[in-house]
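Contents: one structure, followed by commentary.
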Amino acid sequence: MSELSSRFDPSEIESKWYQHWLDQKYFESTPDERKAYSIVIPPPNVTGVLHMGHMLNNTIQDILIRRARQQGFNACWVPGTDHASIATEAKVVKMLREKGIKKSDLSREAFLDYAWQWKEEYGGIILKQLQKLGASCDWSKTSFTMDAVRSKGVLEVFVDLYNKGKLYRKERMVNWDPEAKTVLSNEEVIYGLEQSKLYKVKYQIEGTSDFITVATTRPETIPGDTALAVHPEDERYTHLKGKRVMVPLINRSVPIIFDEYVDREFGTGALKVTPAHDVNDFDLGEKHNLEVINVFNPDGTMSEAAKIYVGEDRFKVRKAFSKDLEEAGLLAEVQDYQNNVGRSERTNAIIEPRLSLQWYVDMKAICAPALQAVMEDDVEFFPKNQKNIYKHWMENIKDWCISRQLWWGHRIPAWFYGEEIFVATTAEEALAKAKAKYPDISLDDLKQDEDVLDTWFSSWLWPITVFNGFDDPKSLAYYYPTSVLVTGWDIIFLWVARMIMAGFEWTGKKPFDHVYFTGMVRDKQRRKMSKSLGNSPDALKLISDFGADGVRFGMLSCSPAGGDLLFDEKLCEQGRNFNNKLWNALRLIKGWEINDQKPASEADLLAISWIENKFAKLTSEIDGHFKEYRLSEALMTTYSFVWDDFCSWYLEMVKPEFGQAISKETCDATIAMFTKICSTLHPFMPFITEELWHQLGAEGDCILSAYPLSQVKDPQIIENVETLKNIISNVRDVRNKNGLKQRELLPLKAIKSANVEAILSVKGATTLLEQLAFVSEVEAVSEDIGNAVGFLIGTDKYFVVLSKEIDVESDLSEKKKELEYQIGFVNSVSKKLDNANFVAGAPVTVVEKERQKLSDGNERIKILTEEIAKLEALLAN
RNA sequence: GGGAGAUUAGCUCAGUUGGUUCAGAGCACCUCGUUUACACCGAGGGGGUCGGGGGUUCGAGCCCCUCAUCUCCCA
C-alpha cells in the first residue's frame with residue numbers, strides 16, 4: 001500500500017507545481033504558426049490587494065486560458081496593473097500625512113518620487129497573490145499602465161484626437177470631488193438614496209412683510225442664490241411678477257423668475273436658483289442671464305464669495321445655517337427626507353457640481369463603429385442582455401471629461417503660451433509647433449497643463465498597448481483582437497465600451513471577440529462585499545484553508561454569468577471535499593495489486609466500455625457549455641461524472657474483491673480514464689490534477705495534455721448499464737426498507753420477458769448485479785415466488801427473495817401509493833389521447849410516445865393490481 | 001421619470017426549440033450504515049399549485065397580457 005494520506009493536503013503540492021510550470025515556461029507565449037488565444041487581464045489597482053471579485057474574475061480567465069492551451073492554441077494571458085490615479089494618489093497623500101508631510105508643501109516632482117517609491121514597495125503584491133490562485137499568466141509580459149511603452153501610447157492618442165478635432169477644452173458644470181480635489185467623469189459618480197433633511201426657508205419679498213417659502217436640501221448654498229424661480233402658470237405666485245426677494249442671512253436682493261422648468265408639485269413650488277452649484281440651476285442661469293456666485297472652495301469649504309462662515313466645511317455650515325435661520329425666524333419647517341446623493345467612486349466624498357474648465361473627448365465622433373460591432377454580435381456579449389444596456393448608453397453618450405486635478409498619472413501633453421495651446425507628445429515638439437508661429441520663444445515660455453489624464457484614458461488602450469501595439473504591428477497582428485475579455489458588468493461603460501471605441505479608432509478592429517461579464521460577489525445576505533462591512537473573506541486565508549483548487553471550485557460553482565454570486569465558504573468546503581474524493585480514488589487505484597496473467601472479466605469490459613461512452617458524452621456536453629460560457633455548469637457536470645459515475649459506480653464495478661489482484665488490462669483502462677479526467681478537470685483545478693497526473697505515471701505534464709473531446713460510440717451500452725444501475729438501486733432499497741444487512745446474499749428473480757432476457761444476456765451484466773447488489777443469483781422465471789419483494793423496471797417485474805418474513809403491510813402501502821400515481825398518470829395520458837385535436841394536431845412522434853406511455857402505464861397498473869391482491873391475501877391469512 | 005431583469009424545494013440556482021415517467025441539481029434536513037479508497041464517506045428518503053389572475057395552443061415552468069413583489073442601470 002502506498003504511503004498516501006487519506007486526507008489530501010494541497011499546501012504541499014501547490015507551490016511545487018506552480019514552480020514547475022514556471023520553470024518549464026509553460027505560461028510564456030511567443031508568436032508561432034499556431035493560432036493565438038489571448039486574454040488581457042483587467043488590470044487591478046497597482047496598490048490593491050486580492051479580493052473576492054479578483055478571485056472570481058481571474059479564476060475564470062485562468063480556466064479559459066488553460067483549456068485553450070490544452071486545445072493546442074498559443075495561449076497568452078497578459079497580466080498587469082493599473083496606476084489608478086485617484087486611488088493611489090489618495091493612498092500616498094494619506095501615507096504622507098501620517099508622516100507629517102502635507103502634499104501642498106511638496107513640489108510635483110517630490111510628490112511623484114514618493115508615489116513611485118510607494119508603487120515599487122506595494123505594487124505587484126496582488127500579482128503575487130494571483131499566482132497563489134494558480135493564474136497561468138505570461139509573467140514575462142507583465143505590464144503597468146504608466147510604463148514607458150504604455151505612456152507613449154497614451155500621449156500619442158491624446159495628440160491624435162486633438163489633431164482630428166475630437167478633443168476639446170471647455171468650461172462647464174462638472175462633478176467635483178472635494179476630498180481628492182479633482183473633477184470626475186459621470187461614470188465615476190455613484191448615486192444612492194440617502195437620509196437627509198428638507199429645509200423650508202422663508203425668503204422675504206422685497207418691500208413687503210410677506211414671505212415666500214422655498215424647500216431645499218442644501219441650505220449652505222443660500223449665499224450663492226441669484227434668483228428665485230416659480231412656474232409661470234402657478235396661480236399661487238402670479239402676483240409676484242417683477243418682484244424681488246431678499247436672500248436670507250445675506251440680505252442680498254435677487255429677482256423672481258418664471259420658468260416652466262420648475263416642478264409645481266415639489267415642496268412649495270418655489271425654487272431657489274444657485275447657478276454655481278447645480279447643473280439645472282446653471283442652465284436656468286444661462287437662460288435668464290443670472291449672476292454666478294461660487295460659494296465653495298475646491299476642498300468644500302466656504303469661499304470668500306460666500307461672505308459668511310468663510311473657510312468652514314460645507315456640512316458644518318449646513319447645521320450652523322439651520323440654527324441661524326431658525327433664530328432669525330426664517331426657518332418654516334425641517335422634514336426628514338430621502339434624496340439621491342452622488343458620491344465619488346474612489347473617495348466616497350459627496351460630489352459637488354462645480355463650474356470648471358476641463359478637457360473632453362467628443363464621444364459622438366468615435367462611438368459609431370463600437371455600437372454597431374456589439375449590436376451585430378461582432379463583439380459578442382455573454383450574457384446577451386448586457387447588449388441593451390450598452391446600446392442605451394451608447395445612444396445617449398455624453399462627452400468624456402478626461403482631465404483630473406492630480407499629479408499621479410499621465411500629465412496632459414498640452415503647453416500654453418498665453419491663451420494659445422500647443423499639443424504634442426513632448427515639450428520639444430510643442431516648442432517646435434509654437435516656434436512656427438512665434439519664432440522667438442523658448443521652452444521657458446511654454447507652460448505645460450498641470451493636470452493629468454483620467455486613469456481610464458490609459459485603460460481604454462490596454463488591449464493595444466500591452467502588445468506594444470503602436471510600435472510593434474507584428475505582435476499586435478498575432479494577438480489582437482484578443483479572444484475574450486472577462487470583467488464585471490459594473491465597468492461596462494467605464495472600460496468595456498471605451499476599449500471597443502479605442503480599438504476601432506486606432507486599429508480599425510475590435511479589441512476582443514467575446515466579453516464575458518461576471519457577477520458581483522456578494523455575501524449570503526446579498527450585501528456587496530466591502531471592507532467597511534467586514535464581510536469580505538480574506539482570499540489568502542481561504543486558499544490556505546481549502547486549497548487553491550477548493551477555492552476555485554467554490555468561486556465557480558456559484559457563478560452564473562452576469563448574475564450575482566452569493567459567496568459562502570461552504571462552497572469552498574465542497575471543493576475541498578471533491579479534491580479529497582479524487583485523492584482517495586487515486587489511493588484506491590495505487591493500492592491495487594496487478595495480475596498481468598489474468599484477462600479482464602466480462603464485467604470489467606462492460607464497465608470499461610460503459611465509462612468510456614459516458615465520458616465521451618461528458619466531453620461533448622462540456623464543449624457545449626464552454627461555447628456558451630456556462631462554466632459553472634461545465635464544472636458541475638464534470639463533478640457529478642467524477643463523483644457518481646466514476647467513483648460510485650465504475651470503481652465499484654471493477655474493484656477486485658478483498659485480497660484479489662486486478663487484471664492489468666482493467667487497471668490500465670482505469671488509469672487511462674483517470675488521466676483523461678485529470679485533463680478535463682485541469683482548467684478548473686490545476687494543482688491536484690497535475691499531482692494526480694504524475695502519481696498515475698502519465699506521460700508529460702497535465703497542463704499540456706490534450707483537452708479530451710470525443711463522440712459516444714455505443715449509446716446502447718449506456719442505456720443497458722443505466723438499467724442495471726436501476727435494478728441495483730432497487731435491490732438496495734428493498735434491503736434498506738426491510739432492515740437487511742447490505743452484504744447478505746439474496747436471490748434476484750425476474751419474470752421472463754424480452755427486455756429481461758436482453759438485459760441479462762448482456763455480457764458481464766449478471767456479474768455486476770451479483771457484485772454490486774450482493775445477490776446470490778440472477779434468474780429469469782415464469783412466475784412469482786413466495787416471500788419476495790417486487791419492484792418494476794419499466795414494465796418488467798423483478799423481485800428479491802428474502803431470508804426473513806417480509807413486512808407485508810409496508811410493502812402493501814407502498815405498492816398502493818405507486819398504483820395511485822400510475823392511475824393518475826394513465827388518466828392524464830388518456831385524456832390527451834382522447835382529445836381529437838391533439839391526435840390530429842401534434843406531430844406523429846409525440847402521439848406515438850403518448851400511446852407508448854399509455855400502454856406501459858396500463859401494464860404497470862395490471863402488475864401492481866395483481867401484486868396488491870396477493871399481498872392482501874397474505875395479510876388476510 | 002425612462003429602461004433592463006427577476007420571482008421554480010428550507011437556501012442558492014439550472015431548466016437550451018413549447019412535447020419523454022419532467023418539475024431537476026447542489027447545499028441543508030431525515031433514516032440506516034463505521035464493509036480494507038474516502039465519515040471531507042457510503043446506501044436510501046422526504047420536500048415545490050413553477051409569484052397571483054387571465055389568454056394563445058392539441059399541449060405552457062417556457063409564448064402573450066395584466067397585477068403584485070424585488071433587484072439593478074440611467075436621469
Side-chain angles (χ1 to χ4, degrees), chain A residues 1-2 4-8 186-187 191 263 279-280 340 383 385-393 396 398 489-490 492-493 520 522 524 526 546 550 557-560 562-568 570-571 573-592 624-625 628 630 632-633 635-637 639-640 643 647-648 651-652 655 657-659 728-737 739-743 772-774 792 794 821-822 824-826 828-829 831-843 845-850 852-853 856-857 860:
Chain A
M1 181 72 194
S2 58
L4 303 176
S5 146
S6 72
R7 291 273 168 95
F8 171 61
N186 293 333
E187 287 72 26
Y191 291 91
D263 178 1
V279 183
N280 297 313
N340 230 350
N385 62 17
Q386 296 291 335
K387 260 171 85 171
N388 287 327
I389 297 170
Y390 177 87
K391 176 169 183 253
H392 190 257
W393 187 77
N396 297 283
K398 303 265 181 356
W489 49 257
D490 53 331
I492 183 170
F493 309 134
M520 298 286 105
R522 293 169 191 276
K524 272 185 284 183
R526 239 173 235 290
F546 300 106
S557 61
C558 59
S559 65
D564 282 348
L565 184 157
L566 275 61
F567 184 77
D568 185 346
K570 268 245 138 68
L571 295 162
E573 205 175 302
Q574 199 189 340
R576 180 202 60 190
N577 294 353
F578 186 37
N579 280 320
N580 202 51
K581 187 75 183 173
L582 285 161
W583 183 248
N584 277 288
L586 172 76
R587 287 180 67 225
L588 173 70
I589 293 169
K590 290 201 75 156
W592 283 339
H625 289 319
E628 295 296 320
R630 293 191 297 246
S632 67
E633 282 185 61
L635 176 59
M636 289 318 284
T637 313
Y639 172 85
S640 62
W643 201 297
C647 292
S648 296
L651 289 179
E652 294 300 328
K655 189 163 142 185
E657 269 182 67
F658 184 63
I728 292 163
S729 295
N730 273 286
V731 174
R732 286 171 177 169
D733 189 31
V734 169
R735 278 180 207 280
N736 247 328
K737 294 225 165 87
L740 291 169
K741 282 254 182 308
Q742 202 148 51
R743 302 198 143 222
L772 296 182
F774 293 101
L792 285 170
Y821 173 81
Q822 292 296 343
F825 171 70
V826 163
S828 85
V829 177
K831 222 163 101 188
K832 239 191 232 179
L833 284 167
D834 287 347
N835 184 337
N837 286 332
F838 170 70
V839 179
T845 51
V846 173
V847 178
E848 248 342 282
K849 271 178 194 162
E850 292 298 315
Q852 186 63 44
K853 282 198 233 169
D856 285 359
R860 280 192 294 270

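So that the names make sense, note that chain A is the first sequence line, chain B the second, and so on, each numbered from 1. Fair warning: this is a prediction, and the values are worked out from it, not measured in the lab.
Sequence order on RNA chain B of the closest nucleotides to A:W393 and A:M636 puts A:M636 first from the 5' end. Two residues, A:S729 and A:S640, neighbour RNA chain B, and the one matched to the more 5' nucleotide by heavy-atom proximity is A:S640.
Rounded to a whole angstrom, the distance from the P atom of B:G15 to that of B:U34 is 41 Å. Rounded to whole Å, the separation between the P atoms of B:G46 and B:C22 comes to 16 Å. Taking the C1' atom of each, B:U16 and B:G10 are spaced 28 Å apart, rounded to whole Å. A gap of 42 Å separates the P atoms of B:U7 and B:G33, to the nearest Å. Across the C1' atoms, B:G18 and B:G61 are found 10 Å apart, a figure rounded to whole Å. Comparing the same atom, P, in B:U17 and in B:C64 gives a spacing of 13 Å after rounding to whole Å. Only the P atoms considered, B:C63 is 38 Å distant from B:G42, to the nearest whole Å. Nucleotides B:G5 and B:A14 are separated by 15 Å at their P atoms, to the nearest Å.
Put simply, the side chain of A:E633 and the base of B:A25 share no donor and acceptor less than 3.5 Å apart. A donor-acceptor contact under 3.5 Å is not formed by the side chain of A:R587 with the base of B:C38. For A:K570 against B:C27, no side-chain N or O and base N or O form a donor-acceptor pair under 3.5 Å.
Pair assignment for B:U17: none, as no Watson-Crick or G-U wobble contacts are both less than 3.5 Å. Under the Watson-Crick and G-U wobble criteria, each requiring two contacts below 3.5 Å, nucleotide B:A39 is left unpaired. Figure legend. B:C70 is base-paired to B:G5; pairs are counted as Watson-Crick or G-U wobble with both atom distances under 3.5 Å. Pairing for B:C50 is absent, judged as Watson-Crick or G-U wobble with the two contacts each under 3.5 Å. Across all strands shown, nothing is found opposite B:U56 as a Watson-Crick or G-U wobble partner with both distances under 3.5 Å.
When rounded to the nearest whole Å, the span between CG of A:N584 and P of B:G42 equals 10 Å. For the pair A:F493 CZ and B:C72 P, the computed distance is 16 Å after rounding to whole Å. With rounding to whole Å, A:Y639 atom OH is found 16 Å from B:A14 atom C1'. Put simply, OH on A:Y390 is 16 Å from P on B:C74, counting in whole angstrom units. Rounded to an integer number of Å, the gap from A:N577 CG to B:A37 P is 19 Å. Atoms CG (A:L772) and P (B:G44) sit 11 Å apart, rounded to a whole Å. Between the CG atom of A:N730 and the P atom of B:G44 there is a distance of 9 Å, given to the nearest Å. Between the P atom of B:G15 and the NE2 atom of A:H625 lies a distance of 10 Å, rounded to the nearest Å.
Looking at A:N730, its side chain never comes within 3.5 Å of a backbone N or O of A:L792 through a donor-acceptor pair. Side-chain atoms of A:W393 do not come within 3.5 Å of backbone N or O of A:I492 as any donor-acceptor pair.
Residues A:L833 and A:V847 meet the side-chain proximity criterion, which asks for heavy atoms closer than 4.5 Å. You'll find the side chain of A:R732 reaches within 4.5 Å of the side chain of A:I728, heavy atoms only. For the pair A:R576/A:F8, no side-chain contact is recorded, criterion being any heavy-atom separation below 4.5 Å from C-beta on. Side-chain contact between A:E573 and A:D568: absent, with no pair of heavy atoms (C-beta onward) separated by less than 4.5 Å. Annotation: side chain of A:L651 is not in contact with side chain of A:K655 (no heavy-atom distance under 4.5 Å). Side-chain contact between A:H392 and A:N388 is absent, with no heavy atoms from C-beta onward closer than 4.5 Å.
Listed nucleotides B:U16, B:C72, B:C74 differ in distance to A:R630; the shortest reach to its side chain belongs to B:U16. Taking the side chain of A:D733 as heavy atoms from C-beta on, and the options B:C40, B:A37, B:G45, the nearest nucleotide is B:G45. Taking every side-chain heavy atom of A:Q574 into account, B:G26 is the closest of B:G42, B:G26, B:C40.
Contact check, A:K655 against B:A37: a side-chain N or O comes under 4.0 Å of OP1 or OP2. Contact check, A:R7 against B:C40: a side-chain N or O comes under 4.0 Å of OP1 or OP2.
Residue-level contact check: A:R732 touches the backbone only, with heavy atoms under 4.0 Å from sugar-phosphate atoms and none from bases. Here A:E848 lies out of heavy-atom contact (under 4.0 Å) with every strand. Contact annotation for A:W643: backbone-only contact, meaning every heavy-atom pair under 4.0 Å involves sugar-phosphate atoms and none involves a base.
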